[in-house]
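Worksheet for the structure shown next.
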Amino acid sequence: MRHVISVLIENEAGALSRVSGLFSARGYNIESLTVAPTEDVSLSRMTIISTGSDDIIEQITKQLNKLIEVVKVVDLSEAAHVERELMLIKVRATGKDREELKRVADIFRGRIIDVTDSTYVIELTGNTTKLDSFVGAIDASLILETVRTGVCGIGRGDRILRL
Amino acid sequence: MLLTGAEIVVRCLAEEKVEYVFGYPGGAVLYLYDELFKQDAVRHVLVRHEQAALHAADAYSRSTDRVGVALVTSGPGVTNAITGIATAYMDSIPMVIISGQVPTAAIGQDAFQECDTVGITRPCVKHNFLVKDAKDIASTIKKAFYIAKTGRPGPVLVDIPKDITIAKAEYEYPKSVTMRSYNPIIKGHQGQIKKAVQLLLDAKRPMIYAGGGVILSDCSEQLTKLVRTLGAPCTNTLMGLGAYPATDRQFVGMLGMHGNYEANMAMQYCDVLIAVGARFDDRVIGNPADFARIARKIIHIDIDPSSISKRVKVDVPIVGNLPDVLDDILRLLDGSADRPDQEALGEWWKQIEEWRRRDCLKYKQSDEIIKPQFVIEKLWEVTKGDAFVTSDVGQHQMWAAQYYKFDKPRRWLNSGGLGTMGVGIPYGIGVQLAHPGSPVAVVTGEGSVQMNIQELSTCKQYRIPLKICSLNNRYLGMVRQWQEIIHGNRYSESYMDSLPDFPKLAEAYGHVGMRIEKPGDVEGALREAFKRKNDLVFLDFQVDQTENVYPMVMGGKGLTDMILSSEDL
């Protein structure tokens with residue numbers, strides 16, 4: 001099962017390596033990991049996408065909690081939540097492909113943020129499936145480069161993760 | 001008060017009432033050593049290899065309820081210390097390690113004796129710090145002691161660059177620590193405790209399984225009371241020996257891979273199991289699937305939530321500090337009108353006694369050749385079961401655990417988790433300094449003892465009168481045993497050739513050496529050794545080369561699938 005784990009962690013040097021070290025030492029999966037400071041700059045928030053059985057996910061959350069610098073851990077996927085990921089994709093845009101790529105980007109509510117006479121950079125936000133679908137929808141031979149931020153997630157409604 | 005970083009470090013250690021610092025000097029810690037030189041509140045013990053400094057500090061902690069402290073220099077000082085840190089980490093021993101680091105400006109420049117200490121120790125410490133400003137030293141050391149000792153204990157490392165030890169800062173030792181990200185749970189969940197008590201009262205075949213957590217949290221008394229109140233059998237893990245008195249009738253021996261037949265059988269066939277400060281590790285329960293084959297209710301008390309349901313699913317998890325949780329359980333048991341079903345308990349004990357009659361620790365005595373088990377039995381007799389016993393790792397470790405009946409906690413010191421050969425002598429140093437005048441025996445073998453033999457020199461310098469009982473069978477015995485059972489007697493590299501003359505080696509270091517070759521001489525030699533209160537005596541027992549440790553549960557097998565003697569093979 002795929003899980004979205006949110007972690008509030010002290011914004012200190014080496015904190016990220018404690019988390020990534022834990023995952024590699026214990027053989028847990030990381031599909032993606034994003035981290036940045038929160039509105040309170042002394043705290044960082046991570047979103048980790050991991051897969052594993054319920055037992056493994058339980059161990060992951062317990063082991064994360066055990067790290068001294070971790071303040072809070074929540075498995076967002078236990079309840080309603082929103083996930084978003086940002087992708088920048090550079091495509092070869094020449095001839096009739098220019099029009100077609102613009103059209104597909106519009107359908108996916110993407111924005112073209114850089115234009116040359118032969119390329120576009122398209123910015124696209126959404127959940128992982130949407131980004132995957134976009135990549136699938138355009139001609140693979142036109143893709144020059146992609147970069148994705150990894151997923152960040154937040155609980156819906158009154159589910160709030162803070163101190 | 002404006003002090004240098006080095007002065008602050010030493011003041012902090014004095015403030016924590018640190019009696020001994022075990023360490024080894026070097027370039028990055030010169031200013032720290034200079035400050036140690038100028039004061040006498042904190043005593044320094046100079047080892048001969050950093051690994052031994054860590055083990056000695058670790059043993060100081062294991063045999064008391066204090067935090068062990070070690071001091072090493074940057075680079076190789078730290079890398080030599082790693083085995084000692086990992087050993088303490090695996091057994092949850094509270095320690096603070098101060099390490100020197102190259103000056104701040106040189107970090108990352110591949111400087112002389114530089115290593116990424118925080119990076120290299122991260123997987124084997126509870127936490128670590130790199131101090132980047134002299135004003136942070138006091139608060140960091142305070143935190144280090146607090147983190148090491150509270151919750152599930154463990155080693156904490158503080159890395160201090162050389163320039164920080166010279167820089168000046170205002171010094172005040174913090175009175176308390178608060179950390180928003182670290183608040184260990186103390187009290188257990190009352191609802192869960194009630195459930196546990198009811199299960200225990202309703203049990204027909206109760207069993208108590210106690211581990212190192214009982215020793216670390218000093219709650220042998222509460223454990224003993226619980227065992228007596230329930231009238232249930234109790235087993236201790238290798239790390240828990242001494243938690244419940246081994247000479248008591250209700251003690252069924254150690255459990256696990258080389259555990260007693262009756263202990264392993266009772267673990268498997270009980271109907272309610274209460275695990276107290278133990279973690280169901282692979283050497284204890286064998287194959288988890290086989291362990292789960294028999295339906296029983298499991299209560300698990302542990303301070304570390306991640307130890308619960310890690311290898312075995314439990315029915316009633318209780319996270320909390322053991323003494324507090326046990327107090328709560330005892331209070332509810334005392335207050336309850338219900339009593340355990342005496343008739344069922346009688347039947348259960350009848351079964352256990354039947355298992356006990358298998359006498360799984362019996363061995364064939366000989367008049368010709370010294371049996372290693374016999375040496376431990378005699379050691380127990382001669383010391384009246386009241387010595388501190390440290391061991392190395394291997395067959396001798398298991399025989400010491402099986403045949404020395406520990407009645408008190410913190411008397412048995414061994415590397416249970418990491419299984420580090422070479423801990424024996426340095427452990428002895430730490431214990432003896434913590435308990436001057438008490439008898440300390442080091443049970444070792446000719447393999448393990450050579451892994452830190454240089455510490456005989458430290459023993460000489462600090463007059464540490466260990467009684468080193470080396471069970472010399474000229475084999476890496478446990479390796480040989482597995483090769484015999486699993487690898488068709490192909491003794492690949494397990495024979496120890498070109499051994500030194502150990503008694504002479506001990507003499508070269510300024511100690512007393514004895515070689516014992518006949519069973520009839522064992523007791524006399526031990527008595528003679530322990531009579532020499534001020535001398536370190538190295539007893540080189542020439543033991544049976546073919547003896548194996550039984551019972552034995554092979555790796556991956558179920559707990560009840562035991563080989564009881566070589567005839568079972």
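Nothing here was measured: the structure is a model prediction, and the numbers come from that model. Just so we're on the same page: letters track the sequence lines, and every chain starts at 1.
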In terms of heavy-atom proximity below 4.5 Å to chain A, should B/K313 be classed as side chain, backbone, both, or neither? side chain

Under 4.5 Å from any heavy atom of chain A, what part of B/R122 do you find: side chain, backbone, both or neither? side chain

Would you say that more than 12 heavy atoms from the other residues, nucleotides or ligands in this model lie under 6.0 Å from the NZ of B/K132, or not? no

With a 4.5 Å heavy-atom cut-off, do A/E69 and B/H127 have their side chains touching? yes

For A/R162, I'd like to know if atom CZ has over 12 heavy atoms of other residues, nucleotides or ligands within 6.0 Å. no

Quick check on A/K62: does its NZ atom have over 12 non-hydrogen neighbours (other residues, nucleotides or ligands) under 6.0 Å away? yes

Is the number of heavy atoms from other residues, nucleotides or ligands within 6.0 Å of CZ (A/R98) greater than 12? yes

Among A/K66, A/Q63, A/K72, who wins on heavy-atom pairs under 4.5 Å with chain B? A/K66

Does atom NZ of A/K130 have more than 12 heavy-atom neighbours from other groups under 6.0 Å away? yes

What residues of residues 288-308 of chain B make heavy-atom contacts with chain A at a cutoff under 4.5 angstrom? B/D304, B/P305, B/S306, B/I308

Would you please test A/D55 and B/R311 for side-chain contact (heavy atoms from CB on, under 4.5 Å) and show each step? CA-CA 10 Å; A/D55 291 350; B/R311 302 193 72 243; over 6 Å; no

With a 4.5 Å heavy-atom cut-off, do A/V71 and B/M179 have their side chains touching? no

Hey, is CZ on A/R111 packed in by over 12 heavy atoms from elsewhere, all under 6.0 Å? no

Chain B contact via A/E12 - side chain, backbone, both or neither, heavy atoms under 4.5 Å: neither

Can you tell which part of A/S42 gets under 4.5 Å to a heavy atom of chain B, answering side chain, backbone, both or neither? both

Please indicate whether A/I154 has more than 12 foreign heavy atoms, meaning atoms of other residues, nucleotides or ligands, lying under 6.0 Å from its CD1. no

For A/I68 versus B/S181, what's the shortest heavy-atom pair and its separation? O-OG, 2.6 Å

